[in-house]
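Here's the structure, in structure tokens; my notes come after.
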Amino acid sequence: MFHGVTLLALLAVTVVLAGYGLHRMVSVRAEPLVTLPHQSGRHPTQHALSRFHVRWYPVTLVFLAFDVEMLFMYPWAVVVAHVGITAVVEMFLFLAALLVAVVWAWREGALRWV
């Protein structure tokens, strides 16, 4: 029994140390970064970790929706002849759902650039 408790304690310490090490590796430093010219020779005008404007996130989601659509359409194109009309109906239902999402995004102004 003592061996199992020791092994469990060693595992817990290893997990905590690994989490701490991972945090130290990926965390952003509190002090500001020194900006140096990169490739073009000009000094950067903004910080490298600056955030994007919020209007780009809906556009990104629309792009990802169509990207996932292509992931579904390639295997579908391979098996559509074998499966038959049900595969065609399912794909048109999927495309209709995407069209509804795009119309909603358009109505909400996600595709407005100004």
Does any part of the side chain of E69, heavy atoms only, come nearer than 4.5 Å to the side chain of F72, both counted from C-beta? no
To the closest 0.5 Å, what do you measure between OG1 (T86) and CE (M91)? 11.5 Å
What pair of heavy atoms forms the shortest contact from V80 to A77, and how long is it? CG1-O, 3.7 Å
Same apolar cluster (I L V M F W Y, side chains within < 4.5 Å links), V15/V26: no
Between F92 and L99, is there shared hydrophobic-cluster membership here, with clusters defined by ILVMFWY side-chain heavy atoms closer than 4.5 Å? no
Quick check: is V83 connected to W76 through a chain of hydrophobic side chains (ILVMFWY, heavy atoms under 4.5 Å apart)? no
Test item: V102 and F66 side chains (from C-beta on) under 4.5 Å apart, heavy atoms: yes
Taking a hydrophobic cluster as the set of Ile, Leu, Val, Met, Phe, Trp and Tyr residues connected by side-chain heavy atoms closer than 4.5 Å, whether directly or through intermediates, do L95 and V103 fall within one such cluster? no
Between V89 and L93, is any pair of side-chain heavy atoms under 4.5 Å apart? yes
Can you tell me how far the CG atom of L7 sits from the CG atom of L11, to the nearest 0.5 Å? 6.5 Å
